[in-house]
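What follows is a short report on a single structure.
Worth knowing before you read on, the calculation uses all heavy atoms, side chains too, and leaves out hydrogens, waters and symmetry mates. A note on names: the letters A, B, ... follow the listed sequences, proteins ahead of strands, and every chain is numbered from 1.
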2 protein chains.
Amino acid sequence: MKARKRTRIEDIRREELIRAAHRVFLAQGLAGLTTASICAEAGMSPGILAYYFRGKEDVLFQMVRYNNRILMEDIVHRMRAAATPWDRLVAIIEGNFPAANYDRAAANAWLSVCAAASTNPEYARLQRTFYRRLASNLASCLRPVLTGDRLDALILTIGVMIDGLWLRRASDDSMTRERAVTRLHDQIVASLTPAELQSLRQTPAPH
Amino acid sequence: MKARKRTRIEDIRREELIRAAHRVFLAQGLAGLTTASICAEAGMSPGILAYYFRGKEDVLFQMVRYNNRILMEDIVHRMRAAATPWDRLVAIIEGNFPAANYDRAAANAWLSVCAAASTNPEYARLQRTFYRRLASNLASCLRPVLTGDRLDALILTIGVMIDGLWLRRASDDSMTRERAVTRLHDQIVASLTPAELQSLRQTPAPH
DNA sequence: AAATTTCTTGTATGATTATACAACTTTTTG
DNA sequence: CAAAAAGTTGTATAATCATACAAGAAATTT
C-alpha cells in the first residue's frame, strides 16, 4: 500500500513534468527548455524538478523518448487502419508530417534533437532506434514488391527526404505540409514500376 | 592614406575573427561559439571582439555568410571544370559533401544553423538565399532535358536529400560520404529516362 | 492526534558568459 | 620626437540558469 501510493504520485508528477517539457519543446525547441520554463509550464515550483529527476538532462532525455514514442504510436495506429500496403505507406508518410504540427517551431524542435545527437551519444542512440523502426515499417510495406538493393535504396531515400522536408520547413514558410507530402508521395510513385505500384495497391495488407 | 590603412587593419582583424569563429563552428557547432572561444582561437584577447563587431551575434551571422560563400564558391569552381551538364550535376553533389568535412561535427554545425533559421528571420533569409542558388545551379544542369513540374520536382528532391543525408550523418556513423553521394547519384539516374541521361552526358556544358 | 514520512516551495549559490570599459601599447601624424 | 589616434588587453559587471537545500505543508502511519 505504502509503496503503491508513493509510486503512483511519483509517476504522475514525472509524467506531468515530461508533458510540460514536451509542450515547451514543441513551441521553442531544446533551446527554450530551462528548468524554470518546464516547471512554470507544469504549474509547479522550480525546485520540484530536482526532486523527481536527476537533473534537467534527465527530463530532457525522457521527454525526447516520449516524443518519439507518441510519434511512433500514432504511425502504427494509422498503419493498422490501412487496407493495402500502399495505404500503409501513405500512413507512414502522413504520420511523419502531423497536420497540427508541421510548422517552424516543430521543425526547430526536431532539428535541435538531431543536432544534439551529433554531440551526445545517448541522443544518437535514440535517433538510430527511431530510424530503425521507420525503416522496418517501410520495409513491411515495400517487401511485397521490392527486395535487396532497390528496397534498401528506396527506404533510405524516403527516410532522408522526410528529414530534408522538415529541415526545409525551418526556413521556408512556403513549404507547406501538402507540398511535402505530395513530393514524397510522387517520388515513391516514380521509383516504382506501374506493375509494382498496382501490386501494392491491390494486395491486402499482411495481418 | 589614413583611411586606407585603418580600413586595411580593420578588415584583416574582422576576417581573422570570422575565420576563427568558422573553425570553432565546424568543430563544435553554434553551441560551442562563445566570445571567449572565438577570440582564443584567433589568439586574441576576449575584449577585442567588441571593438570590431557590434557583438557576438554580429560575428556569428557574418561567419555563417562566410561559410555559405566559400561553400558556394567551391561548387561554382567545380562546375566550371565540368565538361557536360551531367558532370556539372556531379560537381554540385560532391561540392555539397566536401570530402574533408562530412563528419558529425560539421553535421552539427549545419543543423545548428538550420535550427537557428526557424527562430531568427535573418538566418532564415540566408538559408533561403542558399537554397535559391542551389536550385538555380541545378536548373542550369537539368534544363536541357527537363522543364516544368518534373524539373521543379527533381530540384526539390535533390535539395531535400542533400539536407536529409547531412542530418542522418549527425547520428549515424555508418552514413559515409560515399554512401550519401552514391544514393543521391543513383536517385537522380533513376529519375531520368535513359535518353534524358544520355543527353545530359553528351551535350557540352553551356558557356 | 502525535509522529513520521512524503511532497512542495522559494531562495541561495555557483558557474557560465556577453558586454562595457579603463588602462595600456603600438602606430600614425604633425 | 611629441601628440594624437588606433589598436589591444584584462577585468569588472550583470544577466541567465542549473542545482542544492532549508524550511514548511500535506499526507500517512501508529
Side-chain angles (χ1 to χ4, degrees), chain A residues 1-25 27-64 112 115-116 119-120 122-123, chain B residues 1-25 27-64 112 115-116 119-120 122-123:
Chain A
M1 182 74 184
K2 171 183 169 187
R4 271 259 292 287
K5 192 100 187 192
R6 186 181 66 190
T7 306
R8 200 163 343 183
I9 290 199
E10 269 191 27
D11 289 350
I12 290 172
R13 286 287 172 280
R14 270 197 243 270
E15 182 160 344
E16 278 174 355
L17 283 165
I18 287 173
R19 286 166 62 103
H22 190 241
R23 287 193 299 275
V24 179
F25 170 71
Q28 314 194 251
L30 284 184
L33 285 162
T34 66
T35 315
S37 71
I38 297 168
C39 295
E41 174 70 32
M44 303 181 201
S45 161
I48 201 77
L49 205 143
Y51 188 74
Y52 287 111
F53 293 90
R54 254 180 308 137
K56 189 194 155 196
E57 271 310 309
D58 194 12
V59 198
L60 254 59
F61 188 70
Q62 292 191 229
M63 182 275 290
V64 173
S112 60
T119 302
N120 185 329
E122 311 246 7
Y123 282 102
Chain B
M1 182 70 183
K2 175 183 170 188
R4 269 261 290 289
K5 192 101 186 192
R6 186 179 68 189
T7 307
R8 199 167 342 184
I9 289 200
E10 269 191 25
D11 288 350
I12 289 171
R13 287 288 172 277
R14 271 197 242 270
E15 183 163 342
E16 277 174 356
L17 284 166
I18 288 174
R19 286 165 62 103
H22 189 242
R23 286 193 299 274
V24 179
F25 170 71
Q28 315 193 248
L30 283 184
L33 286 162
T34 65
T35 315
S37 70
I38 298 169
C39 294
E41 174 70 32
M44 304 181 200
S45 162
I48 201 78
L49 206 143
Y51 188 74
Y52 287 111
F53 294 90
R54 252 181 310 135
K56 189 194 154 196
E57 270 312 307
D58 194 12
V59 198
L60 255 58
F61 188 71
Q62 292 193 229
M63 182 274 290
V64 174
S112 61
T119 302
N120 184 329
E122 311 247 11
Y123 282 102

* Asked: With a cut-off of 6.0 Å (strictly less than), are more than 12 heavy atoms of other residues, nucleotides or ligands near CZ of B:Arg19?
  ->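 It does not: B:Arg19 CZ has 12 such atoms or fewer within range.
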
* To do: Check step by step if side chain to side chain contact (heavy atoms under 4.5 Å, CB included) holds for B:Phe53 and B:Gln62.
  => CA-CA 10 Å; B:Phe53 294 90; B:Gln62 292 193 229; 3.7 Å; yes

Write down the distance between [atom1] ([X]) and [atom2] ([N]), rounded to a whole number of angstrom.
| X | N | atom1 | atom2 | answer |
| --- | --- | --- | --- | --- |
| A:Glu16 | C:dT8 | CD | C1' | 13 Å |
| A:Ile38 | D:dC17 | CD1 | C1' | 12 Å |
| B:Met44 | C:dT26 | CE | C1' | 15 Å |
| B:Leu30 | C:dT17 | CG | P | 14 Å |
| B:Ile9 | D:dT8 | CD1 | C1' | 11 Å |
| B:Arg14 | D:dA6 | CZ | P | 14 Å |

* Asked: So what does A:Leu33 hit on the nucleic acid, given a heavy-atom distance under 4.0 Å: a base, only sugar-phosphate, or nothing?
  -> sugar-phosphate

* NA contact type, B:Thr34, heavy-atom cut-off 4.0 Å: base, sugar-phosphate, or nothing? ->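 Sugar-phosphate only.
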
* Is any side-chain N or O of A:Arg13 closer than 4.0 Å to OP1 or OP2 of C:dT8? -> yes

* Asked: Got a sec? Which of residues 47-64 of chain B come in under 4.0 Å of DNA chain D, heavy atoms?
  ->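 Heavy-atom cutoff 4.0 Å gives B:Gly47, B:Ile48, B:Tyr51, B:Tyr52.
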
* Spatial distance of atom CZ (B:Phe25) from atom OG (B:Ser112) [nearest 0.5 Å] ->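 Here the interatomic distance stands at 5.0 Å.
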
* B:Leu17 CG to B:Met63 CE distance, which is reported to the nearest 0.5 Å ->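 One gets 12.0 Å once the value is rounded to the nearest 0.5 Å.
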
* Asked: Can you tell if the side chain of B:Asp11 reaches within under 4.5 Å of the side chain of B:Glu15, non-hydrogen atoms only?
  -> no

* Asked: Would you say the side chain of A:Leu60 lies within less than 4.5 Å of the side chain of A:Ile38, judging by non-hydrogen atoms?
  -> yes

